[in-house]
Every structure is written in C-alpha cells, then in structure tokens.
Amino acid sequence: MPVSVTDSFSNRDAHVEETLSILGRSELKWTVFLAIYKGKKRRKTADEIAEATGLTRSQVLNAAKPMARAGLFRQESRDPVVYIKIDEITYIRDRVVSRRKTSQKVNTKKKEPGARSDMMRKRRSRRTSRTSQYSEVQQGKSTFDVFISHASEDKEPFVRGLAERIRSEGITVWYDEFSLRWGDRLRASIDEGLRRSKFGIVVLSPDFFKKDWPKDELEGLFALEENGRTMILPIWHNISKADLANFSPMLVGRLAVNSNEPIEQIIEKLRARLES
C-alpha cells in the first residue's frame, strides 16, 4: 500500500515543510518531483520521467530516492523502477509549489544589485559543479558513474553481484562483462572506460596484485588523480591491512570499505559519493 502522509507526519503543514526541506534549491529534484505529479497517470517508470525531462535515468533515480523515503510517492524496487503517485500528496504538492513561487518573488524583491554573500557564492558554485557533471554525462564526457577494477578470480562470489546490484540501482557502471564485446581491443576499451568514469572502484585482494591488468588499471586511476581529482574508491576483499601494506603502502591510508559489509551499505556509500 502507498505510504500515507499521516503515517509519517501529524499534519499536512509539517509535510509541506519537510518536502521543501528535501527539495531545497536542487533544480534536479524539483524537475523530477514535478514530472512525477504532472498529468493524470499514476504510475510512471524512471525511463518515462527521464524522457519527459531530458535527464538521464541515473539522475532521475538519484534525485527520487530521498523523496520516496519521505513518502512523496512509492518507488517499486523491481526493474524497471515504477513511481506510484500517492493521492494525499497532491495537496502537499500544490502548497509546496505555491510556497516556492512566493519565496522566489520575495527573494527577487530583496535582492540588491551586486550584493553577494559568501554563502550564496558557495551555493552557486556547488550548483554549477553539479550541473557541469550532469552536462558531461549527457555529452558523453563522463559516460559512466563508476569503473570496476578487479581480478577475474574475485568475480565470484563478490564482484559480479556488486556490479549487477550497482546497475540495478540506476548507476552507470563500466564492468568488463557489461562493457566489452567480442572483438574489442582490450587496452583501448579499458582506457576509454577509465577516462569516461567519475570514479573507479578497485577491489583489492591478493589475486588483484598478482595480475598485470588490474595493476595497470590502478596505475591509470592514479594518473587521473594527479590533477587533484579523487577517483579511487577501494574495497578490501579477503585482504588485511598488513597484507595490503606489503602490496601497496600508498593504499593503506586511503579510506576503504570491506567486501564483507552488507551490499546495501556499500551502495549507499557509493551513492553518497556520487552525490557529493
């Protein structure tokens, strides 16, 4: 059953405030929120919303998740993801939109030419940065959210399941079984995947350091970090801190997750990194 507004909030005014807090100044979240409630169709897939808004499926999923948690609509977990509108939220939606328009008018009247606070500059900078990232994805500059580097021995039981779960969450992923096709030139394809990924998940294990290909990929990620960009997201898999220090002392001091953590927890950390 859809979540009722009264299940989480004592009154509608409280839900209006909570909704405004969730949406904030994010144009991406506002776009997805309004697209879900536009028209009479109650059930909409992530792909339908992406087509209607010009966003990518990954952007729709990332923006919608916190709103679904708050009960603004129900998000089904199966693929394709379906967003089911909740009747009670229609009232909330109208009040939220009205409050936003009023706030925009007030801010316009109060704004003085040339007056910019440090806080406003920081917010504008962060918003510009996020917009730039979305634009790069649409233009093909950052085709993938994440690149997965691993040894073939670690595919089962960990890496393959991780890659499939990441993809099911709407996060774009370069993974050899998804991205390489018969006849592809391996080095050229991997280089392209590294260049067009925002982050690289590196599954560090004893087998990882025995293989040349994974180590070459790690070196490529280190090279991409030379301009101050953080790319490497390490996962320790069947390896201890002492063992890792013998293989690569540079990686010991980098914050990592462990493969024995619940996969939901790993996905949450990845999503938080993508949204930062």
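A quick note: this is a predicted structure, and the numbers were derived from the prediction, not measured. Below, each value reflects all heavy atoms present in this structure, side chains not excepted, and no hydrogens, waters or symmetry copies.
Using the six-membered ring where Trp is involved, F33 and Y37 have ring planes that are tilted, between 30° and 60° apart.
Remark: the D145 side chain and the S58 side chain contain an N/O donor-acceptor pair separated by less than 3.5 Å. In the model, S205 has a side-chain atom that pairs as donor or acceptor with a side-chain atom of D154 under 3.5 Å.
Every salt bridge (charged side-chain N to carboxylate O under 4.0 Å, His left out) that E268 has, sequence neighbours left out, goes to K65, R69. D184 meets the side-chain hydrogen bond (donor to acceptor under 3.5 Å, both in side chains) test with no other residue; sequence neighbours excluded. Residues satisfying the side-chain hydrogen bond (donor to acceptor under 3.5 Å, both in side chains) test with N62, not counting sequence neighbours, are R271. With sequence neighbours excluded, no residue satisfies salt bridge (charged side-chain N to carboxylate O under 4.0 Å, His left out) with K44. When the salt bridge (charged side-chain N to carboxylate O under 4.0 Å, His left out) test is applied to K215, no partner is found at least two apart in sequence or on another chain.
For the pair S197 (side chain) and G200 (backbone), a donor-acceptor distance under 3.5 Å is absent. No donor-acceptor pair closer than 3.5 Å links the side chain of E275 to the backbone N or O of A272. E48 contributes a side-chain N or O that, together with a main-chain N or O of T45, makes up a donor-acceptor pair within less than 3.5 Å.
Rounded to the nearest 0.5 Å, atoms OG (S248) and CG (D243) are 13.0 Å apart. Atom-to-atom distance recorded for L233:CG and K198:NZ is 12.5 Å, nearest 0.5 angstrom. To the nearest 0.5 Å, atom CD1 of residue I166 and atom CZ of residue F178 are 9.0 Å apart. Separating the OG1 atom in T172 from the CZ atom in R196 is a distance of 12.5 Å, to the nearest 0.5 Å. Interatomic distance, S259 OG to I266 CD1, rounded to the nearest 0.5 Å: 7.0 Å. Rounding to the nearest 0.5 Å places CD of E192 at 11.0 Å from CH2 of W174.
Under the 4.5 Å side-chain criterion, counting only non-hydrogen atoms from C-beta, R195 is not in contact with F147. For the pair I49/L55, no side-chain contact is recorded, criterion being any heavy-atom separation below 4.5 Å from C-beta on. Side-chain contact check for W213 versus L218: every heavy-atom pair is 4.5 Å or farther apart. The closest side-chain heavy-atom distance from K155 to Y175 is below 4.5 Å. Between F158 and N238, the closest side-chain pair of non-hydrogen atoms is not below 4.5 Å.
Listed here is the closest heavy atom pair of A35 and T53: CB-CG2, 3.6 Å. Residue S149 comes nearest to P214 through the heavy atom pair OG-O, 3.8 Å, listed as atom of the first residue, atom of the second, then distance. Nearest heavy atoms, H150 versus V203: CB-CB, 4.1 Å. When all heavy atoms of L204 and P234 are compared, the closest pair comes out as CD1-CB, 3.8 Å. Shortest non-hydrogen contact noted between V173 and S179 is O-OG, 4.0 Å. Closest approach of N258 and W236 over heavy atoms only: OD1-O, 3.4 Å.
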Problem set entry | Stepwise salt bridge (Lys or Arg N to Asp or Glu O under 4.0 Å) check, K211 with E153 | CA-CA 10 Å; K211 298 295 190 70; E153 289 81 359; 2.9 Å; yes
Verdict with reasoning, R254 to E225, per salt bridge (Lys or Arg N to Asp or Glu O under 4.0 Å): CA-CA 13 Å; R254 192 175 291 236; E225 285 192 331; 2.9 Å; yes
Could you walk me through whether H237 and F208 pass the ring pair (Phe, Tyr, Trp, His ring centres under 6.0 Å) test, one step at a time? CA-CA 9 Å; H237 180 62; F208 181 94; over 10 Å; no
query = Taking it one step at a time, do F222 and M231 satisfy side chain to side chain contact (heavy atoms under 4.5 Å, CB included)?
reply = CA-CA 8 Å; F222 270 122; M231 280 203 69; over 6 Å; no
Evaluate the side chain to side chain contact (heavy atoms under 4.5 Å, CB included) criterion for residues I235 and V202: first the C-alpha distance (whole Å), next the side-chain angles of each, then the deciding distance (0.1 Å), finally the verdict.
CA-CA 6 Å; I235 295 180; V202 183; over 6 Å; no
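In the hydrophobic clustering of this structure, L186 groups with L194; members are Ile, Leu, Val, Met, Phe, Trp, Tyr whose side-chain heavy atoms approach within less than 4.5 Å, directly or through other members.
Applying the salt bridge (charged side-chain N to carboxylate O under 4.0 Å, His left out) test to every pair with at least one member in residues 257-266, sequence neighbours left out, gives these pairs: R165-E264, E261-K269.
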